[in-house]
K.L.:
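Have a look at the structure that comes next, please.
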Amino acid sequence: MNVREKRLQNDFKALSELVDNSGETLVIISIDGNPPYQYVIEYRCRGIESLRANEPIFRSSHHVEITLGNSYPRGRPDAKFLTPIFHPDVFPNGVVCLGRWSEMAETLPELVLRIGKVIQYVDDIIYKDGSDNHQAWAWYKNNRDRLPVDNKTFKSPKTPSNLIWNDLSAINSYMENIVFLDLEGS
């Protein structure tokens with residue numbers, strides 16, 4: 001099994017645990033591949049679908065397709081909303097701006113949680129240096145006092161908010177499968 005396949009396998013296991021502990025706020029709708037490289041995730045939280053007379057139209061179910069391409073984890077994943085969303089970090093065609101990508105820096109569960117924050121307009125996740133949807137950016141700048149639109153953590157109360165895994169054996173199992181590079185060449 002190569003590095004990519006191990007990472008995909010570990011990501012699937014960790015994402016499954018996150019979903020199982022999400023209190024039904026996250027659902028894996030579909031997967032493709034063995035190990036999975038493409039997911040459709042349902043987020044059950046409040047987000048803005050569109051505007052009507054400059055007022056938000058909310059929806060409570062969002063579907064996002066996440067694809068871990070052939071160059072993953074070195075290359076960035078792709079994420080696209082399959083349901084309507086109005087957000088400065090989401091292009092009008094539904095593609096999510098993921099910002100800078102650093103190999104191995106963000107696990108799939110962390111990406112899933114970050115997209116959940118995007119849906120809810122959590123302020124610390126919105127890119128302040130520009131926008132992929134200019135109308136949404138203008139609305140955001142003028143309505144920051146109305147945000148976030150929801151505060152779901154996508155984790156059940158029994159799961160500590162700063163951990164994806166809730167036991168040491170899962171962390172140790174994950175760490176055993178990470179490939180460390182010898183940067184000094186010895």
Side-chain angles (χ1 to χ4, degrees), residues 1-45 47 61-83 85 87 89-91 93-122 124-127 132 150-156 158-181:
M1 184 177 293
N2 65 33
V3 172
R4 179 177 183 272
E5 290 170 340
K6 282 187 179 199
R7 175 71 182 256
L8 291 174
Q9 194 173 56
N10 290 336
D11 280 344
F12 176 66
K13 179 181 177 194
L15 179 61
S16 297
E17 290 176 15
L18 175 66
V19 168
D20 288 346
N21 291 315
S22 74
E24 297 184 7
T25 58
L26 294 171
V27 177
I28 298 173
I29 299 296
S30 67
I31 59 172
D32 194 13
N34 186 18
Y37 65 88
Q38 187 173 59
Y39 299 82
V40 174
I41 308 293
E42 179 183 9
Y43 293 81
R44 295 176 179 171
C45 64
S61 175
H62 310 269
H63 290 190
V64 178
E65 180 182 78
I66 299 172
T67 303
L68 310 171
N70 290 335
S71 62
Y72 179 82
R74 286 180 175 76
R76 80 172 62 232
D78 294 314
K80 181 177 182 175
F81 278 86
L82 303 177
T83 52
I85 184 105
H87 193 280
D89 294 334
V90 180
F91 290 94
N93 67 358
V95 172
V96 181
C97 176
L98 297 176
R100 297 166 70 202
W101 179 257
S102 176
E103 175 185 350
M104 304 290 282
E106 185 174 51
T107 65
L108 178 60
E110 290 167 337
L111 174 61
V112 166
L113 292 173
R114 182 159 57 108
I115 292 171
K117 287 182 172 186
V118 166
I119 294 168
Q120 298 175 89
Y121 273 81
V122 174
D124 68 342
I125 209 74
I126 296 173
Y127 295 113
D132 302 310
D150 203 347
N151 60 2
K152 295 238 178 8
T153 63
F154 304 104
K155 298 177 185 178
S156 69
K158 25 178 213 190
T159 304
S161 63
N162 62 343
L163 291 177
I164 290 173
W165 297 283
N166 54 5
D167 68 25
L168 189 56
S169 65
I171 294 170
N172 288 336
S173 173
Y174 178 76
M175 294 302 291
E176 288 172 5
N177 290 307
I178 293 178
V179 174
F180 293 96
L181 300 176

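Side chains included, hydrogens not; waters and symmetry mates left out as well; all remaining heavy atoms used. Computed from a prediction, not measured in an experiment: that's the story for all the values here.
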K.L.:
Check Glu5 against Pro35 and note the closest heavy-atom contact, atom names and distance.
P.N.:
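So the minimum-distance heavy-atom pair works out to O-CG, 3.6 Å.
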
K.L.:
Applying side-chain contact (heavy atoms from CB on, under 4.5 Å), run through Tyr72 and Asp11 and close with a yes or a no.
P.N.:
CA-CA 11 Å; Tyr72 179 82; Asp11 280 344; 2.4 Å; yes

K.L.:
Roughly how far, to the nearest 0.5 Å, is CG of Leu8 from OH of Tyr37?
P.N.:
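One gets 10.5 Å once the value is rounded to the nearest 0.5 Å.
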
K.L.:
Please report the shortest heavy-atom distance between Thr25 and Lys155, naming the atom on each side.
P.N.:
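In this case the closest contact between Thr25 and Lys155 is OG1-N, 4.5 Å.
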
K.L.:
With no hydrogens and no angle check, is any side-chain donor or acceptor of Arg4 less than 3.5 Å from a backbone partner on Gly69?
P.N.:
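Yes, because the side chain of Arg4 sits within donor-acceptor range (under 3.5 Å) of the backbone of Gly69.
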
K.L.:
Name the orientation class of the two ring planes belonging to Tyr39 and Phe12 (parallel below 30°, tilted from 30 to 60°, perpendicular beyond 60°).
P.N.:
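Ring orientation of Tyr39 relative to Phe12: parallel.
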
K.L.:
Less than 4.5 Å apart, any side-chain heavy atom of Leu98 and any of Pro77?
P.N.:
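Touching, per the 4.5 Å side-chain cut-off.
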
K.L.:
Mark yes or no for whether Ser71, through its side chain, and Arg74, through its backbone, hold a donor-acceptor pair below 3.5 Å.
P.N.:
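No; zero donor-acceptor contacts below 3.5 Å.
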
K.L.:
Please confirm whether the backbone N or O of Cys45 pairs with a side-chain atom of His62, one donor and one acceptor, at under 3.5 Å?
P.N.:
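The answer is yes, because a donor-acceptor pair under 3.5 Å joins these two groups.
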
K.L.:
Looking at Val19 and Val27, what are the two nearest heavy atoms and their distance?
P.N.:
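Result for this residue pair: CG1-CA, 4.2 Å.
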
K.L.:
Can you tell me how far apart CG (Asn10) and CG (Leu15) are? Round to the nearest 0.5 Å.
P.N.:
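These two atoms lie 12.5 Å from each other.
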
K.L.:
Nearest 0.5 angstrom please: Gln120 CD to Asn151 CG, how far?
P.N.:
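Spacing of CD (Gln120) from CG (Asn151) equals 7.0 Å.
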
K.L.:
For Thr83 and His63, which heavy atoms make the closest approach, and how far apart are they?
P.N.:
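So the two residues come closest at OG1-N, 3.1 Å.
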
K.L.:
Check each of Leu82, Val40, Ile41 against Ile29 using the side-chain contact (heavy atoms from CB on, under 4.5 Å) test, and report the only one that passes.
P.N.:
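Result: among Leu82, Val40, Ile41, Val40 is the only option passing the side-chain contact (heavy atoms from CB on, under 4.5 Å) with Ile29.
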
K.L.:
Quick one: closest heavy-atom pair of Val118 and Ile125, and the distance?
P.N.:
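Smallest heavy-atom distance, with atoms named: N-CG2, 3.9 Å.
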
K.L.:
Roughly how far, to the nearest 0.5 Å, is the CD1 atom of Ile28 from the CD atom of Glu42?
P.N.:
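Separation between the atoms: 12.0 Å.
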
K.L.:
Please evaluate residues Asp78 and Glu65 with respect to the criterion side-chain contact (heavy atoms from CB on, under 4.5 Å), reporting the C-alpha separation (whole Å), side-chain torsions for both, the decisive distance (0.1 Å), and the verdict.
P.N.:
CA-CA 8 Å; Asp78 294 314; Glu65 180 182 78; over 6 Å; no

K.L.:
Can you tell me if Asn70 has over 12 outside heavy atoms packed within less than 6.0 Å of its CG?
P.N.:
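Result for CG/Asn70: open.
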
K.L.:
Would you say the side chain of Thr67 lies within less than 4.5 Å of the side chain of Gln38, judging by non-hydrogen atoms?
P.N.:
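The answer is yes; the side chains approach within 4.5 Å.
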
K.L.:
Working note: Val64 + Ile85, criterion side-chain contact (heavy atoms from CB on, under 4.5 Å); need CA distance, chi angles, decisive distance, verdict.
P.N.:
CA-CA 10 Å; Val64 178; Ile85 184 105; over 6 Å; no

K.L.:
Let me confirm one number: the CD1-CG distance from Ile115 to Asp89, rounded to the nearest 0.5 Å.
P.N.:
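Here the rounded value is 11.5 Å.
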
K.L.:
For Tyr43 and Val112, work out which heavy atoms get closest and say how close.
P.N.:
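What the structure gives for the nearest pair is OH-O, 2.9 Å.
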
K.L.:
Measuring from Asn2:CG to Arg7:CZ, what's the distance to the nearest 0.5 Å?
P.N.:
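The distance works out to 13.0 Å.
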
